Each structure stands twice: as structure tokens, then as C-alpha cells.
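To start, the structure under review is shown below, and the notes come after it.
The sequence lines fix the lettering, A, B, ..., with proteins before strands; numbering per chain opens at 1. As the structure is a computational prediction, the values presented were derived from the model and not from experiment.
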Protein chains: 2
Amino acid sequence: MTTSSTISIQEVSLKHLRVACSSCSLKELCLPLGLSGEEMTQLDSLISQRMRIKKGEHLYSAGDPMASLYAVRLGFFKMSVVSEDGREQVTGFQMAGELLGMDAISNDTHTCSAIALEDSEVCEIPFAELEQLSRSIPSLQHNFYKVLSREIVRDHGVMMLLGNMKAEERLAAFLINLSQRFALRGYSSKNFILRMTREEIGSYLGLKLETISRSFSKFQDQGFIRVSNKEVEILDLEALKALLAGCPEK
Amino acid sequence: MTTSSTISIQEVSLKHLRVACSSCSLKELCLPLGLSGEEMTQLDSLISQRMRIKKGEHLYSAGDPMASLYAVRLGFFKMSVVSEDGREQVTGFQMAGELLGMDAISNDTHTCSAIALEDSEVCEIPFAELEQLSRSIPSLQHNFYKVLSREIVRDHGVMMLLGNMKAEERLAAFLINLSQRFALRGYSSKNFILRMTREEIGSYLGLKLETISRSFSKFQDQGFIRVSNKEVEILDLEALKALLAGCPEK
DNA sequence: CGGTTCGTTGAAACCAATCAATCCTCGTGG
DNA sequence: CCACGAGGATTGATTGGTTTCAACGAACCG
């Protein structure tokens with residue numbers, strides 16, 4: 001079930017305030033990277049609309065047919081898959097400039113659900129048209145291959161995390177990753193708001209929410225961070241990184 | 001360090017016994033899926049050579065520059081990444097018809113090492129040429145997007161496994177997956193040889209080798225499988241599947 | 001045929017899950 | 001505006017599954 005009916009009003013009102021890729025602050029992080037002015041205009045014409053997704057709403061759900069990919073303009077999403085027996089696994093958190101829905105290309109069907117963790121905005125990118133346009137714009141095709149490949153590399157990083165690391169190492173890796181991504185987008189790398197619950201962090205990291213809570217408390221006791229509910233302040237980034245590097249003498 | 005010096009002799013001897021995609025038994029599983037005769041000939045001309053990789057040799061290593069992707073013709077590979085502090089994570093096992101090196105597109109550099117677990121044979125696919133050809137053959141481009149996307153979906157499955165499942169569930173999932181992939185290639189789905197060690201299975205599944213060994217023994221005691229070293233016989237596939245489906249009443 | 005790698009099994013230690021109680025926060029409606 | 005309820009977070013006690021440590025046996029390779 002998509003939420004298309006819920007958002008149709010905004011769709012209309014947004015049609016004429018479309019922001020073109022060429023003037024988008026995220027173009028360096030997103031698909032248009034490295035395109036010429038002319039090429040970017042062609043890409044612009046392909047982005048049919050911008051959509052607003054309210055906190056808690058599904059942009060799409062697992063099982064939905066896939067017609068478009070989405071680029072996050074603003075906000076924060078979680079992606080999750082559910083196994084046959086009902087277990088949920090959060091596969092990632094996506095923020096501005098990141099693409100959603102790439103898993104769906106394999107079967108023209110979404111395999112994940114994309115849920116907004118705050119009021120968000122995405123650009124809809126019709127996939128068939130992207131595919132066609134990428135044939136005439138080599139650097140667009142190349143960028144898109146890279147985006148797909150980068151997702152694979154990211155997934156391998158998560159496997160490393162889930163397969164080899166202890167609870168506190170996982171959480172440290174998670175915080176460092178978030179911090180870097182915020183920095184890349186011009187936000188503070190030291191102070192940020194967690195848009196997800198402890199349970200969602202736990203699902204992503206293969207841990208229970210109580211373990212996340214305890215690890216946060218421990219980091220705070222050690223003076224690595226300050227946490228107050230969803231606010232996080234990183235006080236000692238090096239200490240967190242040291243946790244990851246393994247004990248120096250091991 | 002690549003192993004190119006080791007295999008140069010075979011390369012030469014193989015040049016004239018190249019098997020074209022069009023006559024390859026794996027074409028239904030591999031990139032050429034759905035291409036016309038004419039298109040397949042073009043793809044053929046791109047596959048510069050076949051290479052033999054001996055058991056234990058690296059097809060490529062993490063950090064190597066990426067110029068080509070590889071399609072497994074024959075044999076069995078493991079892919080692994082190593083973290084800064086030296087921990088190894090096996091990210092997958094690849095068999096005939098599967099593509100290697102897709103993670104490397106993101107940076108033109110391999111992020112995994114590909115190691116042959118038995119004497120193997122791969123087709124080398126120069127990436128730049130594949131990219132160019134895929135612009136003129138829409139279904140090739142589409143296939144390649146799908147292959148990349150399928151890899152992402154597969155990785156999500158591994159995350160589910162690592163994040164949510166207990167040791168025996170993971171091993172059951174692993175055996176079922178292997179069984180299905182062998183069947184797809186015309187091999188027995190009930191009897192097969194594990195090409196990897198217990199330690200490598202453990203690394204893939206986020207477990208220690210002793211845990212793998214114990215789980216194998218337990219499955220055998222329960223009559224689900226018969227294991228003798230690397231030989232596996234699946235006696236009760238349904239029982240293994242039931243393990244995954246979660247407790248019936250949960 | 002000897003050595004090394006791989007696999008199995010047992011006992012103990014440990015880390016995270018589970019169970020449980022309490023508190024906090026936020027959104028909602030009276 | 002405050003009270004209420006529900007969901008989210010914290011913390012403690014206990015359990016349990018997996019790792020670790022250890023020893024031994026089997027298989028494989030040169």
C-alpha cells in the first residue's frame with residue numbers, strides 16, 4: 001500500500017515550485033555529480049515531481065511494484081525488510097542526497113519498506129526514463145553504476161559490523177558514520193538528533209534496544225558522548241574511533 | 001598483489017579455445033540473459049579472455065585497481081573484506097554464472113578479495129567496454145542494473161541472517177541457499193561438497209568455527225543432514241526450512 | 001610418512017538477551 | 001492548560017547462547 005492518496009494535494013502544490021537538479025544544493029552528493037549544464041537540464045526534465053512524506057508514513061512498502069527511485073531531498077528515512085516469519089531488519093538509514101529503492105530493480109518490486117522518520121521530501125525519478133537517459137549521457141550511466149556499487153560496499157560494511165563486532169563497537173561505528181554523513185551535508189558532526197528509536201538502532205545493529213541504551217549510558221559515563229534522549233553530542237570522537245580500531249595491542 | 005604472473009601461461013593457451021557466451025551453458029544465469037543473437041555476438045567480442053585460477057589463488061585482492069569484472073565459468077570463490085584492525089569478513093561465496101567485482105565500481109578499486117576455493121575458471125569482462133556496450137544494447141544495460149540490484153537484495157538477506165537469527169537458523173539458511181543454487185545449475189540439491197572450511201562458513205555467518213561444527217553435528221543427530229567432512233547430504237529439507245520459519249506458534 | 005591444517009568435542013567464561021520494574025516524554029483530548 | 005495514556009528509554013537481575021580455551025583425532029599435502 002503506497003501513501004499516494006495521502007500526498008496528492010501536496011503533489012499538485014509542489015509541481016510549480018520544483019527545484020531543478022541544477023540549483024539543488026545536493027547535486028554534489030546525488031546523481032547529477034559531474035554532469036554538464038546541458039545534461040543536467042535533461043535530468044531535470046526527468047524528475048517528474050517532488051513529494052512530501054510525513055513522519056511515520058511509508059514512501060513505499062515491500063511488495064509494491066517499483067516504477068521510480070527516490071532521491072532524498074530533505075529528511076530522514078529508514079529502510080527495513082521483514083522475513084517470512086515476521087522478523088524486521090533495518091537495512092539502513094538514508095538522509096539527504098541518498099537514493100532509495102535500488103534493491104527493487106532486480107524484480108521491479110520493492111523488497112524493502114521506506115519509512116520517513118521525520119517530515120521529509122523526495123524527488124521521484126522514474127526508473128525507465130532514467131535508464132533510457134543514462135544511455136545517452138555516459139556520465140549519468142557511470143554515476144548510477146557507482147551509486148549501486150557504493151550501496152554494495154556499504155552493505156559489506158554492515159556485514160562486517162554484524163559479523164565481527166561487539167555491541168559497543170557497533171554503536172561506535174554507527175555514531176561515527178552518522179557524524180561523517182552529517183558533516184558531508186554541512187550539519188554539525190558533533191551535535192545531532194537521532195531520528196530513530198533505540199529499537200530501530202538495535203535492529204540495524206543486530207542488537208536489542210536495552211543493549212543500545214546501556215551502551216549509550218556507558219559511552220556517556222566514559223565521557224565519549226553526551227546523550228539526552230534523541231540528542232547526541234560527541235565529546236571524544238577519537239575515543240570512539242579507538243574502540244573500532246580494536247585494542248592497540250591485539 | 002594480483003596473480004597475473006602465475007596464470008599468464010594458461011591465458012595464452014586459452015585464447016583460441018574461448019567459449020562464446022552464445023554457446024555457454026550459463027547464459028541463462030549470467031549477463032547475456034535475453035540478448036538476441038546479434039547482441040550476444042557483440043558481448044562475446046568484449047570478453048577478452050578466459051582465465052584459470054587455481055585453488056587458493058587470488059583472482060584479485062582488496063586495494064587492487066579494478067579494470068574488469070569477472071563471471072565465474074566454473075568453480076567456486078569466496079569474497080572477503082578485511083577491516084583496518086585485521087578482522088576478516090566473508091561477504092559471499094560465488095559459483096558458476098555469478099559476477100565478481102561489482103563492489104569495485106564505486107571507486108575503481110576492489111574492496112574485496114576474491115579467492116578460488118577450488119580450481120576455477122572465469123571470463124574477464126573489461127568494465128569500460130561493458131559500460132560502453134551497455135549504452136547501445138538496452139537489454140544488456142538492464143541486465144547489468146538487475147545484477148547489481150540483485151546483489152543488494154542478497155546482501156540484505158545476509159543482514160537479516162546476521163542481525164536476527166540464531167546460529168542454527170543461520171546455518172540452515174546457508175545450506176538451503178547452497179542447495180537451491182546447486183539445483184539451478186543442474187547439480188544435485190541434496191548432495192554436495194562444501195568447498196569452504198568451517199572457519200569460512202563461520203566468518204560468513206558471523207559465528208566461530210566451533211559453533212558451525214557443533215551445529216552440523218546437531219543437525220546430523222536430528223537426522224536433518226549427513227555430514228562427513230566436506231560432504232553434505234540433505235536428508236530433511238523441510239526440517240531445515242521449518243527452522244527458518246520460526247517456531248510455528250511464535 | 002610426517003607435519004600441518006582442519007574438524008570435533010568438552011568445560012568454563014562471557015556477552016547480550018530476556019524479564020521486569022520504573023521513569024520520562026510527547027501528543028491528545030477533556 | 002493540565003491530565004492522561006501510550007510509547008520510548010533506562011536500569012537491574014537473571015538466563016542462555018555463543019565464544020573461548022583446550023585437547024584430541026582425522027584428513028590432506030608435499
Between B:S179 and B:F192, is the side chain to side chain contact (heavy atoms under 4.5 Å, CB included) condition met? List the steps. CA-CA 8 Å; B:S179 166; B:F192 45 84; 4.1 Å; yes

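Side-chain N/O atoms of B:E168 and B:S215 include no donor and acceptor closer than 3.5 Å.
In this entry the distance linking CG of B:L117 with P of D:dC28 reads 16 Å, nearest Å. Taking atom CZ of A:R198 as the reference point, atom P of D:dG8 lies 12 Å away to the nearest angstrom. Between A:K55 atom NZ and D:dG7 atom C1' the separation is 11 Å, expressed in whole Å. Counting to the nearest Å, the P atom of C:dC26 and the CD atom of A:E231 are 10 Å from each other. Between A:E210 atom CD and C:dT22 atom C1' there is a gap of 14 Å when expressed in whole angstrom units. Summarising the geometry, the separation between NZ on B:K208 and P on C:dC14 is reported as 16 Å, rounded to the nearest angstrom. In this structure, B:E168 atom CD and D:dT18 atom P are separated by 7 Å, rounded to whole Å. Here the P atom of nucleotide D:dG17 and the CG atom of B:L171 are 17 Å apart, to the nearest Å.
Where A:M165 and A:S228 meet DNA chain C, the nucleotide closest to each residue was compared, and A:M165 sits on the side nearer the 5' end. Comparing A:K166 and A:M196 along DNA chain D, the residue whose closest nucleotide (by nearest heavy atom) sits nearer the 5' end is A:M196. The residue among B:L207 and A:E199 whose nearest nucleotide of DNA chain D lies closer to the 5′ end is A:E199. Between A:T211 and A:N229, it is A:T211 whose nearest contact on DNA chain C lies nearer the 5' terminus.
Classification of A:R181 and A:E98 as a salt-bridged pair holds, one side-chain N sitting under 4.0 Å from a carboxylate O. Salt bridge status for B:K54 with B:E57: absent, with no side-chain N to carboxylate O gap under 4.0 Å.
Considering B:F182, B:F77, B:Y204 in turn, B:Y204 is the only one that fulfils the ring pair (Phe, Tyr, Trp, His ring centres under 6.0 Å) rule with B:F93.
Side-chain N/O atoms of A:R214 and base N/O atoms of C:dT18 include a donor-acceptor pair closer than 3.5 Å.
For A:S217, whose side chain is taken as the heavy atoms from C-beta onward, the closest listed nucleotide among D:dA9, D:dT18, D:dT10 is D:dT10.
Within 4.0 Å (heavy atoms only), B:G206 reaches sugar-phosphate atoms of the nucleic acid but no base atom. Base contact: B:S213 has a heavy atom under 4.0 Å from a base atom. At a threshold of 4.0 angstrom between heavy atoms, the contacts of B:K218 with the nucleic acid are absent.
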